[in-house]
> 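Dropping the structure in here first, questions after.
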Amino acid sequence: MKVLGIGAIISAIFLLALNLTGRRKAEIDCLAELCRGLELIRAELGTRLTPMPELLGLLEEQCAGEAGGFFRAVGTALPLLEERDFSSLWSMAADKALCCLSQRELDTVKKVGTVLGKYELSEQLAVIGSCLTELKAGEERLRVAYPQTRKLFFGLSAAAGGFIIILLL
């Protein structure tokens, strides 16, 4: 019975490490998809001035995972524009759909929503460009650190499992 308990505890610790590693990978993937989306927004606004409903539909198709869900949520919320401004709809969708991002990354995404459709095109493109640069830097930083982070999570889980085995034996 003791062995079963030890196995269950070690499995739980291992699954925790696996979960933490998966969350970090999801954050990296989400940032990559958001960057793709922002590049598409910048390209479409800069060349074709694509209307927002059409642009959000395009983003929904082009972006996978949480980023695609975010753009879908913004598109779904567009009928509420009579009651709320676009930046609040963008912000609510970001809070709802982009759970894996850090607060700093989330604030950067929200910054894009505050300028879309409100300022001159050049200002919109400049803000999108600066946010894109910031998100790409965050993605690259996480991507470079990911192998070490993964080793750390699994190393800590192995150490905790070993400690529990010693305690229980």
Side-chain angles (χ1 to χ4, degrees), residues 15-154:
L15 287 175
L16 175 65
L18 199 59
N19 185 20
L20 292 173
T21 304
R23 284 184 186 181
R24 185 58 51 100
K25 181 71 171 131
E27 183 179 7
I28 293 168
D29 293 343
C30 183
L31 284 172
E33 290 298 313
L34 281 171
C35 289
R36 277 182 29 150
L38 290 178
E39 287 171 348
L40 185 60
I41 290 173
R42 186 170 61 177
E44 288 292 320
L45 289 180
T47 57
R48 294 183 27 199
L49 290 173
T50 306
M52 193 54 67
E54 183 182 331
L55 180 56
L56 289 169
L58 184 62
L59 290 165
E60 182 182 333
E61 292 173 10
Q62 296 291 319
C63 298
E66 289 187 16
F70 163 66
F71 292 121
R72 185 178 313 103
V74 176
T76 303
L78 280 181
L80 299 174
L81 273 176
E82 295 173 7
E83 302 167 16
R84 297 190 170 155
D85 64 337
F86 182 77
S87 62
S88 68
L89 298 176
W90 183 278
S91 181
M92 285 180 2
D95 286 334
K96 182 178 160 187
L98 301 174
C99 301
C100 67
L101 298 183
S102 70
Q103 189 59 47
R104 182 176 180 206
E105 295 160 347
L106 193 59
D107 291 341
T108 301
V109 171
K110 289 179 181 181
K111 194 184 315 178
V112 173
T114 62
V115 299
L116 286 177
K118 287 188 180 179
Y119 299 100
E120 293 293 323
L121 180 60
S122 61
E123 293 176 57
Q124 291 179 52
L125 295 175
V127 169
I128 291 169
S130 71
C131 291
L132 185 57
T133 301
E134 192 174 326
L135 291 175
K136 279 184 177 180
E139 177 200 355
E140 184 61 28
R141 180 180 38 79
L142 288 174
R143 194 174 299 282
V144 167
Y146 181 71
Q148 286 300 106
T149 304
R150 187 178 59 213
K151 287 178 187 175
L152 175 69
F153 287 151
F154 285 110

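Along the sequence shown, residues are numbered consecutively beginning with 1.
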> Return the CG to NZ distance between L101 and K110, rounded to the nearest 0.5 Å.
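Output value for this atom pair is 10.5 Å.
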> For F86 and L78, what are the C-alpha separation, side-chain angles and deciding distance, and is it a side chain to side chain contact (heavy atoms under 4.5 Å, CB included)?
CA-CA 8 Å; F86 182 77; L78 280 181; 3.9 Å; yes
> Checking E105 side chain against S102 main chain: does a donor-acceptor pair fall under 3.5 Å?
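Present.
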> For S91, enumerate each residue passing the side chain to side chain donor-acceptor pair (under 3.5 Å) test, keeping only those at least two apart in sequence or located in another chain.
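Partners of S91 under the side chain to side chain donor-acceptor pair (under 3.5 Å) test: none.
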> Using 4.0 Å as the upper bound for N to carboxylate O, is an ion pair formed by K25 and D29?
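Salt bridge flag = yes for K25 with D29.
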> Just verifying a value: how many Å separate L116 CG and L55 CG, rounded to the nearest 0.5 Å?
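These two atoms lie 8.0 Å from each other.
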> Please determine whether side chain to side chain contact (heavy atoms under 4.5 Å, CB included) holds for the pair F71 and I41, giving the CA-CA distance in whole Å, both sets of side-chain angles, and the decisive distance to 0.1 Å.
CA-CA 11 Å; F71 292 121; I41 290 173; 4.2 Å; yes
> Can you tell me how far apart CG (L106) and CD (Q103) are? Round to the nearest 0.5 Å.
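Here the rounded value is 5.0 Å.
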> State, yes or no, whether a side-chain contact exists between L152 and Q148 at a heavy-atom distance under 4.5 Å.
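Side-chain contact under 4.5 Å: no.
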> Of all heavy-atom pairs between E139 and C35, which one has the smallest distance, and what is that distance?
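That would be OE1-SG, 4.2 Å.
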> For the atom pair CZ (F154) and OG1 (T149), what is the distance rounded to the nearest 0.5 Å?
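OG1 of T149 is found 11.5 Å from CZ of F154.
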> With a sphere of 6.0 Å drawn around NZ of K96, does it hold more than 12 non-hydrogen atoms of other residues, nucleotides or ligands?
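Not buried by this count: 12 neighbours or fewer within 6.0 Å.
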> How long is the gap from SG on C131 to CG on L34, to the nearest 0.5 Å?
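Reported value, rounded in 0.5 Å steps: 11.0 Å.
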> Show the numbers, then the answer: is there a side chain to side chain contact (heavy atoms under 4.5 Å, CB included) between E54 and E44?
CA-CA 10 Å; E54 183 182 331; E44 288 292 320; 5.7 Å; no
> Search all heavy atoms of A73 against all heavy atoms of A93 and return the closest pair with its distance.
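Heavy atoms of A73 and A93 come nearest at CB-CB, 3.8 Å.
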> V109 and W90: which non-hydrogen atoms are nearest, and at how many Å?
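The pair with the smallest heavy-atom distance is O-NE1, 2.8 Å.
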> Which heavy-atom pair separates L89 from A77 by the least distance, and what is that distance?
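Taking L89 first and A77 second, the nearest heavy atoms are CD1-O, 3.4 Å.
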> Can we say R36 and E33 salt-bridge, meaning some charged N sits less than 4.0 Å from an Asp/Glu carboxylate O?
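Answer for the salt bridge query: yes.
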> Looking at OG1 of T21 and CZ of F153, how far apart are the two atoms once the value is rounded to the nearest 0.5 Å?
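Taking OG1 in T21 and CZ in F153, the distance rounds to 6.0 Å.
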> Does R104 have any side chain to side chain donor-acceptor pair (under 3.5 Å) partners at least two apart in sequence or in another chain, and if so, which?
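Scan of R104 (side chain to side chain donor-acceptor pair (under 3.5 Å), adjacent residues dropped) gives none.
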> Quick one, E39 with L132, criterion side chain to side chain contact (heavy atoms under 4.5 Å, CB included). Give me CA distance, side-chain angles, the key distance, then yes/no.
CA-CA 7 Å; E39 287 171 348; L132 185 57; 3.4 Å; yes
> Is there side-chain contact between E123 and V115, with at least one heavy-atom pair below 4.5 Å?
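Sidechains of V115 and E123: no contact.
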> If you compare all heavy atoms of T50 against all heavy atoms of L45, which two are closest, and at what distance to 0.1 Å?
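In this case the closest contact between T50 and L45 is O-CD2, 4.0 Å.
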> Closest heavy-atom contact between Y119 and T114?
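Looking at all heavy atoms of both residues, the closest pair is CE1-O, 3.8 Å.
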> What pairs with R24 under side chain to side chain donor-acceptor pair (under 3.5 Å), at least two apart in sequence or on another chain?
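Partners of R24 by the side chain to side chain donor-acceptor pair (under 3.5 Å) criterion come out as none, since no residue qualifies.
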